[in-house]
Amino acid sequence: MDNTLFDLSGKVAVVTGGNGGIGLGMAKGMANAGATIVVAGRDATKNTDAVKQLQALGAKASAIPVDVLKEDSCRALIADTMKAHGRIDILVNNAGMGIRKQPEQYTLTEWHTVLDSNLTSAFLCSHAAFEPMKKGGGGKIVNIGSMMSIFGAPFATAYAASKGGIVQMTKSMATAWAKDNIQVNAILPGWIDTALTRRAREQVDGLHNSVLKRTPAGRWGEPSDFAGIAVFLAAAASDFVTGAAITVDGGYSVLA
Ligand code: NDP
């Protein structure tokens, strides 16, 4: 096999929400494949801790604080990455959150918070990364969707709208930027054990066991389950893969 297919040596990867959960799982995978990682989150303590974990793997890693709800912060993230490293090869738009409510209970502010955190942020960071990637000869953008990119749920109107939007945005950017050698793909995680779902499990009775029962693999996913797919979508191995939405869900979405 061609050993360079999955090699990320010399590549610079920015991971929003890379300071914990799925984002850190992907960052660790790419670090092990040789990439330099920029961890981009709000929480300074989590940022520092994630950088330490990545450096312990032998990776070059640093943190740039970002609030993806703010356009200037997203643009500064990409500009500061360029200042520090001179290039950006991989952008993982992973930062996200949810507000669980019946549709009629959302305020407009809550709706915008979810849409802006999960969807507009990915647009803004990709928009800012496009020119530097193009000038650098190409790039890889990985957007994080959800099972709510496919399904609906009574508590997930805003979240599902944002994650459905992620898939359609991914397809459109993929078609626009293929000529610039920028591949844009989405990962749709199933139910993964992170801070986000720990909160959901506290709020929703029986969630833990219903996910176990509904997932053919018979377990919740772990952040480390995202290391391999991140490396694939960041590496030369996926150079002819673009506009795809790949489920990483232990079979959750294909069980009849
Ligand atoms: P976490 O809560 O562990 O991670 C969310 C990350 O997003 C944190 O690192 C957080 O950083 C960051 N973040 C949130 N809002 C902002 C903001 N405004 N600016 C900067 N960073 C922000 O949860 P997960 O790892 O589970 O979630 C990661 C992604 O995976 C999300 O997009 C989520 O929707 C998606 N997902 C998760 C699933 C699961 O089962 N866990 C299933 C499907 C999709 P900080 O703490 O510093 O604010």
Side-chain angles (χ1 to χ4, degrees), residues 14-28 37-51 53-54 63-77 91-100 112-122 124-125 142-151 153 156 158-167 169-170 186-204 207-208 210-212 214-215 217 219-227 229-230 245-250 252-253:
V14 173
V15 186
T16 70
N19 61 13
I22 293 172
L24 184 54
M26 293 188 287
K28 284 180 176 172
I37 308 291
V38 176
V39 169
R42 281 176 301 194
D43 184 315
T45 310
K46 282 171 65 185
N47 283 352
T48 306
D49 184 56
V51 166
Q53 290 187 49
L54 291 162
I64 296 180
V66 68
D67 181 352
V68 297
L69 283 168
K70 297 183 177 140
E71 178 178 3
D72 56 353
S73 188
C74 293
R75 295 201 181 281
L77 168 64
L91 169 66
V92 183
N93 289 310
N94 161 80
M97 52 79 75
I99 298 176
R100 302 172 70 88
H112 280 304
T113 301
V114 177
L115 270 288
D116 291 354
S117 297
N118 299 353
L119 179 59
T120 308
S121 64
L124 284 173
C125 291
V142 181
N143 296 320
I144 306 306
S146 161
M147 289 297 98
M148 292 300 153
S149 301
I150 308 170
F151 301 118
Y159 186 80
S162 71
K163 294 299 191 177
I166 277 281
V167 170
M169 186 186 74
T170 297
I187 298 172
L188 314 187
W191 287 89
I192 316 304
D193 183 14
T194 67
L196 190 123
T197 48
R198 253 165 256 148
R199 273 194 301 277
R201 273 185 277 183
E202 281 158 22
Q203 289 169 5
V204 184
L207 178 64
H208 179 80
S210 70
V211 167
L212 278 185
R214 171 80 171 71
T215 304
R219 66 173 176 88
W220 280 65
E222 297 292 335
S224 57
D225 287 315
F226 292 82
I229 188 78
I246 301 174
T247 55
V248 179
D249 65 351
Y252 186 95
S253 59

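All values below come from the heavy atoms of this structure, side chains included, with hydrogens, waters and symmetry mates left out. Order of listing sets the numbers, starting from 1, for every ligand and every atom in it.
- Taking only nitrogen or oxygen atoms, main chain and side chain alike, Ile22 reaches within less than 3.5 Å of ligand 1.
- Within the listing of ligand 1, atoms 40 (O) sit less than 4.0 angstrom from a heavy atom of Trp191.
- In terms of protein heavy-atom proximity, atom 9 (O) of ligand 1 is nearest to Asn19 OD1, 2.5 Å.
- Ligand-side atoms of ligand 1 in range of Tyr159: 33 (C), 34 (O), 35 (C), 36 (N), 43 (C), 44 (C), range being under 4.0 angstrom from any heavy atom.
- Of the polar atoms of Asn94, at least one N or O is found under 3.5 Å from an N or O of ligand 1, judged by distance alone.
- Taking a 4.0 Å cut-off on heavy atoms, Lys163 registers as neighbouring ligand 1.
- In this structure, Met97 does not count as a contact residue of ligand 1, since none of its heavy atoms falls inside 4.0 Å of the ligand.
- Atom 4 (O) of ligand 1 lies below 4.0 Å from none of the non-hydrogen atoms of the protein.
- Atom 48 (O) of ligand 1 has as its closest protein heavy atom Arg42 NE, 2.7 Å.
- With atom 13 (N) of ligand 1 as the reference point, the heavy atom nearest to it among Gly18, Ala195, Ala95 is part of Ala95.
- Using a non-hydrogen distance threshold of 4.0 Å, Asp67 registers as a contact of ligand 1.
- Ligand-side atoms of ligand 1 in range of Thr197: 39 (C), 40 (O), 41 (N), range being under 4.0 angstrom from any heavy atom.
- Here the shortest heavy-atom distance to atom 44 (C) of ligand 1, taken over Gly145, Ser73, Gly190, belongs to Gly145.
- Closest protein heavy atom to atom 46 (O) of ligand 1: Lys46 NZ, 2.6 Å.
- Close contacts between ligand 1 and Gly96 involve ligand atoms 5 (C), 7 (O), 14 (C), 31 (C), 32 (O) [criterion: under 4.0 Å to a heavy atom].
- Using a 4.5 Å heavy-atom cutoff, the side chains of Thr247 and Met147 are in contact.
- The shortest N or O to N or O distance between Val68 and ligand 1 is below 3.5 Å.
- At under 3.5 Å, a nitrogen or oxygen of Asp43, whether backbone or side chain, sits near a nitrogen or oxygen of ligand 1.
- The nearest protein atom to atom 6 (C) of ligand 1, hydrogens excluded, is given as Gly17 CA, 3.8 Å; this is a heavy-atom distance.
- Of the candidates Val66, Leu196, Val211, Leu196 brings a heavy atom nearest to atom 1 (P) of ligand 1.
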